[in-house]
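First the structure, in the form of structure tokens, and then the observations on it.
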Amino acid sequence: MKVLLLLGFVAVALAEVARFDGEKVIRIRPKTEEHVTIIKEIADSVEVVVSSEVDIHVSAAHADIVSTLLLQSELEHEVLVEDLQASVEDQLDNQEISPRSYNYMKYNSWDKVEAWISSMAASNPSLMTTEVIGQTFEGRSMTVMKIGKQSSSTKPAIFLDCGIHAREWISPAFCQWFVKEAMETYGSDAQMTSLLDQMDVIVLPVFNIDGYVYTWTNNRMWRKTRSRRSGSSCIGADPNRNFDAGWCTTGASSNPCSDTYCGAKAESEVEVKAVADYIRKHLSTIKAYLTVHSYSQLLLFPYSYTYQLAEHHSELVGAPAARCSPSHFHTFTHITPPCYLLWQHQALAEGASKALRSLYGTQYTSGPGAVTIYPAAGGSDDWAYDLGVKYSYTFELRDTGRYGFLLPESQIKPTCEETMLAVKYIAAHVQKNLY
Ligand code: 9B3
Ligand code: ZN
Ligand code: ZN
Ligand code: ZN
């Protein structure tokens with residue numbers, strides 16, 4: 001996402017569906033530290049950095065005063081969304097009424113996704129098993145779908161999760177698409193067949209189920225989990241700030257009311273703990289970690305919690321870990337061992353972006369999270385990487401802000417098709433470079 005800030009956010013009664021009439025989304029480009037200060041004052045954010053872009057969410061009541069302020073301070077900005085409620089209504093633009101089978105071209109509610117998980121497993125017994133890896137705060141089962149040809153020995157695996165952030169609906173839609181494609185093309189598509197013969201893909205279709213449900217019933221713009229704690233009336237923590245990777249040191253908030261609240265401690269969120277426990281338990285088999293978010297069209301890799309570039313794992317070279325200096329990252333002229341891994345991440349990300357672009361021309365930018373999007377700690381990709389999962393990537397899917405989180409259903413198919421190419425590109429590389 002681009003940081004979506006809630007300005008003058010009105011408390012919404014629990015049972016009532018939040019509406020966004022007259023609310024605007026404004027994109028701001030701070031050029032100086034002074035600009036950053038102004039934005040932080042009007043929008044209470046921790047993720048604003050000079051020469052980045054920030055999308056702020058402004059209530060109808062504050063729209064006038066905010067535009068005046070932006071004009072007065074000569075802050076470069078543009079209105080991305082004139083009326084957020086209209087966009088919320090426009091996203092469901094797939095008119096198909098009663099599809100005979102599961103509709104992958106629509107956003108599906110958790111009830112539908114949950115039933116789909118069972119029916120997929122039941123109809124593909126030779127290629128799929130499911131496992132409950134934990135329960136959400138509100139008691140829903142977190143089920144992973146392990147797909148791959150059955151084998152007597154344990155196979156190397158790729159872990160893929162979607163829906164860490166509740167409002168990023170295109171993300172769970174992608175995981176569903178991936179599973180469908182895997183089942184439909186195993187046996188006919190050479191690459192998919194070879195991948196599933198040699199490896200397993202472990203898919204968590206919706207990571208933050210409680211939050212996802214809440215975006216369907218109460219507030220389409222909800223991001224966090226739905227955990228409650230004593231001492232604060234604010235609900236939830238940001239699951240992608242709750243992993244144990246530089247936890248809460250940068251780009252996260254210790255205010256429970258913030259959208260980027262890092263939680264009471266690392267892994268305080270039961271959903272994060274469940275995924276972290278699962279990955280730790282299967283660490284010897286998990287060779288890649290892929291996580292899908294939206295929006296911005298980025299392919300990110302470690303680190304986000306520090307500007308330090310990812311170091312070469314000492315266990316991989318048998319030498320002490322050394323830091324890779326930024327000059328090497330920018331020039332790529334002399335790739336010495338400590339930089340090799342970073343170089344490999346970048347090259348792989350660029351190859352994957354190119355594969356993605358080949359279908360519809362969708363432009364992706366790739367790079368380490370801290371420099372490419374913003375510095376932020378507690379993310380799942382950094383955590384998995386530091387644990388030893390060498391290939392660790394975060395996708396930020398379509399678009400670049402025209403619809404943002406409210407990507408119309410008519411874009412599900414093209415978005416998923418192009419993303420499949422990137423995921424398959426990375427998977428093929430991992431498969432060829434098992435470690
Ligand atoms: C953030 C972090 Cl902390 C990370 N390690 N990797 C990616 C991101 C970007 C996503 C986020 O959580 O803000 C985009 Se929605
Ligand atoms: Zn995002
Ligand atoms: Zn996200
Ligand atoms: Zn170097």
Side-chain angles (χ1 to χ4, degrees), residues 1-6 45-49 52-55 57 161-175 204 206-208 211-212 215 221-225 236-253 258-263 266-267 269 271-272 275-276 279 289-310 345 349 364-387 389 391-401 404-407 419:
M1 65 151 199
K2 283 293 179 333
V3 196
L4 188 82
L5 306 162
L6 297 179
S45 165
V46 283
E47 292 174 356
V48 192
V49 282
S52 69
E53 291 179 339
V54 188
D55 295 352
H57 177 159
D161 68 49
C162 292
I164 284 192
H165 289 135
R167 65 195 175 194
E168 299 165 10
W169 283 13
I170 187 61
S171 166
F174 176 74
C175 270
L204 178 59
V206 185
F207 184 120
N208 175 11
Y212 188 67
T215 60
M221 290 295 147
W222 191 256
R223 166 178 167 102
K224 300 190 283 181
T225 60
D238 183 342
N240 213 34
R241 298 293 180 278
N242 193 239
F243 281 83
D244 197 1
W247 180 75
C248 221
T249 50
T250 180
S253 173
S258 163
D259 243 359
T260 53
Y261 176 46
C262 57
E267 297 181 18
E269 302 311 289
E271 298 84 357
V272 170
V275 169
I279 295 178
Y289 171 79
L290 304 179
T291 181
V292 182
H293 290 250
S294 76
Y295 59 93
S296 288
Q297 295 174 195
L298 305 171
L299 183 45
L300 308 171
F301 50 84
Y303 288 114
S304 288
Y305 72 79
T306 170
Y307 284 111
Q308 298 260 28
L309 298 168
H345 269 114
Y364 264 62
T365 305
S366 58
V371 292
T372 310
I373 181 165
Y374 35 65
S380 60
D381 52 358
D382 284 357
W383 172 80
Y385 180 77
D386 277 346
L387 196 66
V389 182
Y391 301 104
S392 183
Y393 292 93
T394 296
F395 280 85
E396 283 262 77
L397 303 186
R398 288 195 197 180
D399 56 11
T400 55
F405 304 118
L406 307 174
L407 193 72
T419 309

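Both ligands and their constituent atoms are indexed starting at 1 by order of listing. Quick note: residue numbers are just sequence positions, from 1.
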Side chains of [X] and [Y]: closer than 4.5 Å at any heavy-atom pair?
| X | Y | value |
| --- | --- | --- |
| L397 | Y364 | yes |
| D382 | F243 | no |
| D399 | Q297 | yes |
| T419 | R398 | no |

Residues that A377 engages under side chain to side chain contact (heavy atoms under 4.5 Å, CB included), provided they are two or more places apart: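 Scan of A377 (side chain to side chain contact (heavy atoms under 4.5 Å, CB included), adjacent residues dropped) gives T249, T250, Y305.
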Per-atom contacts of ligand 1 with [X], taking only distances under 4.0 Å to non-hydrogen atoms:
| X | value |
| --- | --- |
| E396 | 14 (C), 15 (Se) |
| R223 | 11 (C), 12 (O), 13 (O), 15 (Se) |
| H293 | 15 (Se) |
| S304 | 2 (C), 4 (C), 5 (N), 6 (N) |

Contact with ligand 1 for W383, non-hydrogen, under 4.0 angstrom: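 Distance cut 4.0 Å: W383 fails for ligand 1.
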Would you give the length of the straight line joining atom [atom1] of [X] to atom [atom2] of [Y], rounded to the nearest 0.5 angstrom?
| X | Y | atom1 | atom2 | answer |
| --- | --- | --- | --- | --- |
| N242 | K224 | CG | NZ | 11.5 Å |
| T372 | E396 | OG1 | CD | 11.0 Å |
| Y295 | L298 | OH | CG | 11.0 Å |

Centroid-centroid under 6.0 Å between H57 and F405 rings: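 No, the ring centres sit 6.0 Å or more apart.
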The Zn ion (ligand 3) to nearest N/O/S of E168 below 2.8 Å: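 Here the distance criterion (N, O or S atom, under 2.8 Å) is met by E168, so yes.
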Closest candidate by heavy atom, reference atom 6 (N) of ligand 1, pool T372, T260, D381, T250: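 Looking at heavy atoms only, the winner is D381.
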The Zn ion (ligand 3) - name of the N/O/S atom of H293 that sits closest to it: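 Among the N, O or S atoms of H293, the one closest to the Zn ion (ligand 3) is ND1.
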Heteroatom of H165 nearest to the Zn ion (ligand 3) (N, O or S, atom name): ND1
Pick one of side chain, backbone, both or neither for how [X] approaches ligand 1, counting any non-hydrogen atom pair under 4.0 Å.
| X | answer |
| --- | --- |
| A376 | both |
| R167 | neither |
| Y303 | neither |

Step-by-step side-chain contact (heavy atoms from CB on, under 4.5 Å) determination, T215 to E168: CA-CA 10 Å; T215 60; E168 299 165 10; over 6 Å; no
So for ligand 1, is [X] a polar contact partner (N or O within less than 3.5 Å, distance only)?
| X | result |
| --- | --- |
| Y374 | yes |
| N240 | yes |
| S380 | no |

